[in-house]
Amino acid sequence: VSLGCSKNLVDSEKIMGMLKEGSHEMVSDPAQAEAIIINTCGFINPAKEEAISTIFKMAEYKKYNCKKLIVVGCLAQRYKEALIEDIPEIDAVISIREYPHIHEILGQLLDGHDLVSYAKAERLVSSKPWTAYLKIAEGCSNHCTYCAIPLIRGDNVTFPMEQLIEEAKQLAARGVKELVLIAQDTTKYGVDLYGKRSLLPLLQKLHEIEGFHWIRILYMYPDEIDDELIEGMAKLPKVLPYFDIPMQHANHRMLTAMNRRGTKEDVLKLIKKIRETFEEPTLRTTFIVGFPGETDEEFEELKQFVKDVHWDRMGSFTYSPEEDTPAFDMDGAIDEEIKNQRLDELMQLQQEVSFANQQKMIGKTLEVLVEDQDGLRGVYRGRSVHDAPDEVDGVVLFTSERAINFGEFVKVKITEAM
């Protein structure tokens with residue numbers, strides 16, 4: 001069971017690949033499983049609650065066929081001792097820092113089977129076969145005051161380019177057509193290993209691999225996106241002009257309190273550059289509302305910023321206090337009711353912005369990756385260049401008189417938008 005983000009999913013796929021290499025059989029029904037592994041998220045409170053709920057749900061299967069219940073991932077890293085103490089049904093808790101030895105630990109737990117090295121086993125891709133994530137780094141060195149990721153996964157550690165190219169070639173050979181680059185901060189790729197930002201050289205090498213049709217980048221820190229990267233991406237047709245730029249706020253005092261680098265003005269210049277360089281770029285962001293001390297005026301500034309930029313895609317969250325982070329003890333906690341009210345206001349505003357943006361698509365022809373049929377014969381569902389996978393963004397519904405294979409790229413004329 002893989003919970004949380006796509007970065008966690010890659011870890012799960014590596015564990016599954018290693019287990020498969022060790023002659024273990026994967027089953028989709030937990031009732032058939034002799035061992036259940038839960039890869040947990042521990043980023044914010046709702047994620048922790050989901051993880052605990054899933055552990056208890058899976059523990060029920062120990063009354064039947066399941067002999068080993070194993071917990072790994074972010075929650076396991078932060079609360080290993082508490083999980084062992086409080087949930088006796090758990091047979092093992094494996095923290096992220098133990099991953100280099102996970103093949104040995106799981107080998108001992110699962111009746112002494114020999115398991116190949118975690119690093120060397122080929123991933124068992126669990127997503128749709130035409131799309132796969134490539135995790136290019138682990139951890140994060142930004143140390144935003146609200147974020148527990150550096151506590152859980154440590155500072156940013158870049159994976160060597162040769163290792164990533166080899167993994168990407170394996171994915172392409174298996175039929176992957178859309179490669180999605182992920183890390184806590186993809187734009188910091190290479191700084192620790194090569195002494196400079198190296199995302200563009202990595203993209204150039206990935207672009208040369210036959211088989212990929214789209215290369216998409218997620219989690220780009222705004223002040224690390226420079227002219228060289230933007231102009232370099234423009235020369236690589238497979239690399240989509242999809243800019244996922246988590247802003248978190250627009251007000252300078254709030255950004256400083258969050259330990260976010262750069263200003264609203266810097267981002268406006270960046271957006272101007274992107275829109276001048278690409279014909280139809282996609283600009284995506286996320287915001288936190290209700291951070292300690294956020295005033296009504298600062299929230300209004302955020303709303304105005306959303307109106308001014310006209311983000312193509314936007315997500316927003318209420319601030320979640322995380323123990324051991326600097327923001328946890330900050331003065332000026334915002335009432336939950338006010339947080340939720342601000343969240344509703346911001347998302348309703350973005351609905352209006354999004355609707356206006358979508359209307360501009362009517363009459364245009366978009367390239368769409370076909371992923372499903374929508375119940376009715378001849379009605380298909382897919383994603384355009386503007387839409388990231390796994391319901392991060394929207395979908396394109398269309399009809400076709402000819403049968404279309406899933407994983408195929410087609411041109412779709414837009415006649416209506418919601």
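All values reported here derive from a predicted model rather than from experimental measurement.
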Looking at every non-hydrogen atom in both residues, tell me the closest pair between [X] and [Y] and how far apart they are.
X    : Y    : answer
A257 : M330 : O-CE, 3.4 Å
A92  : L109 : CB-CD1, 3.5 Å
R402 : S400 : O-OG, 2.8 Å
S198 : K196 : OG-O, 2.9 Å
G42  : R78  : O-NH1, 3.8 Å
A417 : Q358 : CB-O, 3.4 Å

- Task: Test E208 against K238 for salt bridge (Lys or Arg N to Asp or Glu O under 4.0 Å), laying out the working first.
- Result: CA-CA 9 Å; E208 293 170 9; K238 293 180 189 175; over 6 Å; no
Can you tell me if [X] and [Y] form a side-chain donor-acceptor pair at under 3.5 Å?
X    : Y    : answer
D387 : S384 : yes
D185 : N156 : no
N259 : T145 : no
N142 : R261 : yes
D390 : Y133 : yes
S354 : Q351 : no
W130 : E371 : yes
E323 : T325 : no
E265 : H252 : no

Output yes when [X] and [Y] qualify as a salt bridge under the 4.0 Å nitrogen-oxygen rule, no when they do not.
X    : Y    : value
E60  : K57  : no
E231 : K273 : yes
E322 : K48  : yes
D226 : R197 : yes
R313 : D244 : no
E34  : K62  : no
D393 : R284 : yes
D11  : R153 : yes
E138 : K7   : no
E294 : K339 : no

Judged by atom type as modelled, is there a donor-acceptor pair below 3.5 Å linking the side chain of [X] to the main-chain atoms of [Y]?
X    : Y    : answer
T285 : I245 : yes
S12  : N8   : yes
D266 : G262 : no
T399 : G378 : no
N405 : E408 : no
Q350 : W311 : yes
Y380 : I404 : yes

- Message: As a test of understanding, state which of I105, N39, L110 forms a side chain to side chain contact (heavy atoms under 4.5 Å, CB included) with I70.
- Response: L110
- Task: Please say which of L343, L349, D344 ends up in a side chain to side chain contact (heavy atoms under 4.5 Å, CB included) with M347.
- Result: L343
- Roughly how far, to the nearest 0.5 Å, is the CD atom of E166 from the CD atom of Q170?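 Atom-to-atom, Q170:CD and E166:CD are 5.0 Å apart.
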[X] vs [Y] side-chain heavy atoms within contact, under 4.5 Å:
X    : Y    : result
K413 : F398 : no
T186 : L218 : no
L199 : L229 : yes
I136 : L202 : yes
E49  : I52  : no
R216 : L181 : no
R381 : Q373 : no
L255 : T263 : no

- Item | Qualifying residue, where the test is salt bridge (Lys or Arg N to Asp or Glu O under 4.0 Å) with R174 and the options are E167, E13, E122 | E122
- Looking at the rings of Y146 and F328, which for Trp means the six-membered one, are their centres under 6.0 Å apart? no
- Message: Would you say the rings of H213 and F409 are close, in the sense that their centroids are separated by under 6.0 Å?
- Response: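 When the ring centroids of F409 and H213 are compared, they turn out to be within the sub-6.0 Å range.
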- Item | CA sep, side-chain torsions, deciding dist, call: Y189, F159, ring-ring contact (aromatic ring centres under 6.0 Å, His included) | CA-CA 8 Å; Y189 178 79; F159 297 151; 8.6 Å; no
- Query: Is the cationic atom of K14 (NZ for Lys, CZ for Arg) positioned less than 6.0 Å from the six-membered ring centroid of Y99 and within 45 degrees of its normal?
  - Reply: no
- Query: Is atom NZ of K20 surrounded by more than 12 heavy atoms (other residues, nucleotides or ligands) closer than 6.0 Å?
  - Reply: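 For K20, atom NZ is not crowded (no more than 12 foreign heavy atoms under 6.0 Å).
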- Decide if atom CD of E228 counts as having more than 12 heavy atoms of other residues, nucleotides or ligands within a radius under 6.0 Å.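 No.
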- Message: side chain to side chain contact (heavy atoms under 4.5 Å, CB included), that's the test. Do F212 and E178 meet it? Break it down for me.
- Response: CA-CA 6 Å; F212 297 137; E178 178 188 29; over 6 Å; no
- Task: Give the intermediate values and the outcome of side-chain hydrogen bond (donor to acceptor under 3.5 Å, both in side chains) for residues T282 and D312.
- Result: CA-CA 6 Å; T282 306; D312 300 289; 5.3 Å; no
- So V353 and F355, side chain to side chain contact (heavy atoms under 4.5 Å, CB included) or not? Walk me through it. CA-CA 6 Å; V353 170; F355 185 72; over 6 Å; no
- Check step by step if side chain to side chain contact (heavy atoms under 4.5 Å, CB included) holds for I37 and V72. CA-CA 7 Å; I37 302 175; V72 304; 4.1 Å; yes
